[in-house]
Every structure is written in structure tokens, then in C-alpha cells.
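For this chain, numbers begin at 1 and follow the sequence in order.
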Amino acid sequence: MTQPKRAPGGFPVVGVVGGGQLARMMQGPAVELGVQLSVLAESDTAAAALVVPSSPVGEHTDLETVRAFAQHCDVITFDHEHVPPAVLEALEADGVAIHPTRAALNFAQDKLAMRERLTDLGIACPRWARATTAEEVTAFGDDVGWPIIAKTPRGGYDGKGVAVASSASDLTDWISRIGEPGPLEHGLLLEEKVDFVRELAVLIARSPSGQAAAWPVVETVQTDGICTEVLAPAPALDADLASVATEAALRIAGELGVTGVLAVEMFEVRPGTGGTSAYVVNELAMRPHNSGHWSMDGAVTGQFEQHLRAVLDLPLGDPRPRAPWTVMANVLGGDYEHLYPAYRHIMARDPGAKVHVYGKGVRPGRKIGHVNVSGPDLGEARERAGHAADYLRGVITE
């Protein structure tokens, strides 16, 4: 496997397993920090392979391929959370520095393990249960109220591996596969369907030496299970809720031993009689995250620079916002296969909009880029970011 070129001065090489847009967006900050990236990419046309000179092609599931890749890197981190535990275990046995560690990643890879651990820590979660039979599904639904949310413990993302069930019969196919090797080997995760006010995300970074930094709590807007917009900071968020949510995310990172960026996705829930606003934790992601893309342009230190600082155990950067508001609008694949003409139009129409494209082929509904707009007025920032994203998608043509 080709070795990455090392920069003079003793600067390290960070290996990233996976060649998607998250690895791609680490390249700019890596250049600015003076460190080298090397990416184990799925193909030579993967998003990151188009911009990172050292991008050997290989599968993240192949132990010897990952081993050969890792031996030329000072630290290994990840574009996604799908590297098999056996591969991670072998790397750690080889003495490879992995951030986040295998032990921490397990809680992002296995939703049942995550729910059990967060419950043990006293972190607020939806009511949940593990089910292995239709009878257990029915008992849980009857207890918490139908419909319920069912999730495959492993392998789900962007709404995949999640189902809304009104009865056990809605989950017949999944129940039939419980016990087979794969996402349902150890059962099905069932959760109550939370009556929430809105979705929030807390993004923090933590280094191996224990330093941590948190960005402002943001609101995430979902469409058909895919995040389409992020508002930073979350508008009209109760200060006490922002504080306790951030404290919870920092505690999760510390207790689970997370290194690098951690995204804690939450639901803001309605208070009880005389109560205050509260949250329950929905998901964890141990990597840079869609909810933090706003920080690339809207914070003093963006999430990709911060992730590199954290995994290298460098002092963390300032996470404070640069403007009162930053809005991130995702660009989803639409009618335009060739984005460049629309991209030029957006640059001319709104010079203050920051357009980030991922070097991916256009498919309907696929995340192919995002737009960040910062400013003093939230409504204006939302309109500008949304207009740019819709124009790139082909929803509007003016």
C-alpha cells in the first residue's frame, strides 16, 4: 500500500477510514494545521479521494487492508461508524492509536448498548426495551402506547433501520431475522414515540487528555428522516435547558471515553405541570456530524479542525460563534446532474453564502452539499440558505 508523504518538521499523519464527505471536509483544516491526511477510500472517485493526495483504495471491512493502511499513520479516525469491532480490536492489539476507541465506538455502533449505558448513567432517554419476539413487541407497545419506534441496533443512519410500528405485525420481517448474524442478531430496539417540541443537537469535542469544548446547542430540522436545516444557536432555547443539555453531552463524552467530536442528538420535550423544558437523548454519533456543518463558517473553530485537534491531542480551539446566527441548509440531490452552473449563479446572487459541495454524483434525496449563511437576522439567514440549497437542487430556477 502506498505510503503517505510526510511533511517536514515532524508533523503527524492522520489516517481516516472511509472516503466520504466527512473525510473530504477534514482536508482543508488539515492543510491549515500543517498535518497530513491519508484516507482509506472505497474507490478512487470517492468524495475524499478527489481532494486528498494519499487515498489508497480498500474496504474498511478487510482486516489486512486496514492494518496495512494504519501502519503508515500516527493516529486513525473515522469517516463513518461501520468498521467491524474485530478490525478495531486487531488494530488496538497492534498498538495503533484509534480515536474514538473501540470501547467508545461500540456505543455508537450498537444502539442497544448505548441505551443500556445511558440509562445506567441516569441520562434522560425515551422509554425503551429490547425485544426478541412478537409477544415482547406487543407487551411494550401496550405499556407505552402505540405507535412505537423500532430500530435495528446496528447499521442504521439517516432514517434507515428505523420504523414506526402500530402493531407487532408491522415488524414481522425484522422479527423473523432476530438471532441471525447481522443488525438484528441480539434483538430489536423498541422506543416510545416521543411527543417532542423540536430536535436539538449538542456537539462537543474531547481530547485523549480529557480537555473538552462545546459549541452552542443547535436546532435540527428533519424532512422524511433526513436533516435538511440546522439553526445555530437553537432559537429561543431556555438557558437552563441549554446548560443541562450541554452538561449531559460533556458527561456522556467523559463517561464513555469518547475522543474526537461527539454529536448528541436530542428531543426537546414538553414540560409537565409546573415543570421546566427538558430533553431526552435520541442518538449518538462519534465523528463530525451534519448538525455541526454550520461551524465550518459560523464558529471560530469548526468541527473538522476541532476533530483533528482532538484526535491528535492538540489543545482544542475556540468553539464560539462568529455571528449571532448561522443557518446550514443541506443540498439534496434533485433535477440537476451538473451543479456547476447553479453553483456559479448562487455565488453571484449571494456573495455571503458559503457553498460546500461533496464531489458526489447526484441522486434524488442524497446529501451532495450544504450552504452556510451567517448574519444578525435569523429569518434572513434561513431564507438565503434555503434559497441557495433549493436552487442547487432545482426546486426553484430564479
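- A side-chain donor from one of D297 and H356 sits under 3.5 Å from a side-chain acceptor of the other.
- Not one N or O on the side chain of E255 forms a donor-acceptor pair closer than 3.5 Å with the backbone of L121.
- Under the 3.5 Å distance criterion, the side-chain polar atoms of S295 are matched with a main-chain donor or acceptor of Q303.
- Ring to ring, H60 and H80 are close: their centroids are under 6.0 angstrom apart.
- Checking side-chain atoms of D170 against main-chain N and O of S166 turns up a donor-acceptor pair under 3.5 Å.
- We find that E283 and K151 are joined by a salt bridge, their nearest charged nitrogen and carboxylate oxygen being less than 4.0 Å apart.
- Ring centroid separation for the pair F304 and H293 comes in under the 6.0 Å cut-off.
- When side chains are defined from C-beta on, V16 counts as touching M26, because their heavy atoms get closer than 4.5 Å.
- Inter-residue side-chain proximity for V66 and V83 is flagged as unmet; no heavy-atom pair is nearer than 4.5 Å.
- In this structure, the side chain of R102 does not engage the main chain of L88 through any donor-acceptor pair within 3.5 Å.
- Annotation: side chain of T246 is in contact with side chain of V217 (closest heavy-atom distance under 4.5 Å).
- Side-chain contact between V96 and R67 is absent, with no heavy-atom pair separated by less than 4.5 Å.
- Without hydrogens or angle criteria, D313 side chain to S207 main chain gives no donor-acceptor distance under 3.5 Å.
- Side-chain N or O atoms of T119 include one that pairs as donor or acceptor with a backbone N or O of R115 at under 3.5 Å.
- With contacts defined as side-chain heavy-atom distances shorter than 4.5 Å, the pair L200/Y279 does not qualify.
- Taking the side chain as every heavy atom from C-beta outward, P216 and W294 approach each other to under 4.5 Å.
- Counting only distance, with no hydrogens or angles, the side chain of R393 and the backbone of G334 share no donor-acceptor pair below 3.5 Å.
- Remark: side-chain polar atoms of E192 are paired, donor with acceptor, to backbone N or O of R127 under 3.5 angstrom.
- Looking at T133, its side chain does come within 3.5 Å of a backbone N or O of E136 through a donor-acceptor pair.
- In the hydrophobic clustering, where aliphatic and aromatic side chains (Ile, Leu, Val, Met, Phe, Trp, Tyr) are joined below 4.5 Å either directly or transitively, L171 groups with V137, F140, V144, W146, I148, W174, I175, I178, L184, L188, L190.
- Side-chain contact, K360 with Q21: a donor N or O sits under 3.5 Å from an acceptor N or O.
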Using a 3.5 Å cut-off and no angle test, enumerate the donor-acceptor pairs between side-chain atoms of residues 229-236 and protein atoms at least two apart in sequence or in another chain.
unit_1 : atom_1 : unit_2 : atom_2 : d
E229   : OE1    : R382   : NH2    : 2.6
E229   : OE2    : R382   : NE     : 3.0

